Amino acid sequence: MLDGGEQDDKIIAVLPDSPLGGVSSLEQLQREFKGITDILEIWFLNYKGPGKMESKGFAGAAEARDIINDAVADYGQKFSTAP
């Protein structure tokens with residue numbers, strides 16, 4: 001997503017014991033729960049008000065892991081207590 005022109009990633013995660021718990025890929029999610037990605041995209045495009053967000057589409061688990069790892073590393077650099 002883009003929020004005011006700035007990257008604003010969203011990560012989709014589910015609890016293992018939820019109805020979506022067995023889903024292991026975006027393709028499986030779209031195949032087994034038709035329309036759910038449309039619903040998610042509509043939500044994220046509008047939760048701040050119409051026209052505030054821009055969708056860049058969906059990516060898979062590998063890209064999500066990279067985004068999370070980059071965020072953790074960035075957080076560690078910004079808030080490190082080491083001298």
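All of these numbers come straight from a predicted model, not from anything done at the bench.
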Considering all heavy atoms, the nearest Ala59-Leu26 contact: O-CD2, 3.8 Å
Might you point out which heavy atoms bring Met53 and Leu45 nearest each other, and give the distance in Å? O-CD2, 3.6 Å
Partners of Asp66 by side-chain contact (heavy atoms from CB on, under 4.5 Å), sequence neighbours excluded? none
What's the separation between atom CD in Glu63 and atom CG in Asp70, rounded to the nearest 0.5 Å? 10.0 Å
Common cluster, Leu2/Phe44, ILVMFWY with side-chain heavy-atom separation under 4.5 Å: no
Between Phe58 and Ile12 the two heavy atoms that sit nearest each other are CE2-CD1, 3.7 Å
Set of salt bridge (charged side-chain N to carboxylate O under 4.0 Å, His left out) partners for Asp8, sequence neighbours left out: Lys10
Among the clusters formed by ILVMFWY side chains lying less than 4.5 Å apart, do Phe33 and Val14 turn up in the same one? yes
Pairwise distance CD(Gln7) to CE(Met1) - rounded to 0.5 angstrom: 11.5 Å
With under 30° as parallel and over 60° as perpendicular, where do the rings of Phe79 and Tyr75 fit, or are they tilted in between? tilted
Measuring from Leu29:CG to Leu20:CG, what's the distance to the nearest 0.5 Å? 6.5 Å
What's the spacing between Glu32 CD and Ser25 OG if we round to 0.5 Å? 8.5 Å
Any salt bridge (charged side-chain N to carboxylate O under 4.0 Å, His left out) pairs touching residues 34-52, not counting sequence neighbours? Asp3-Lys48
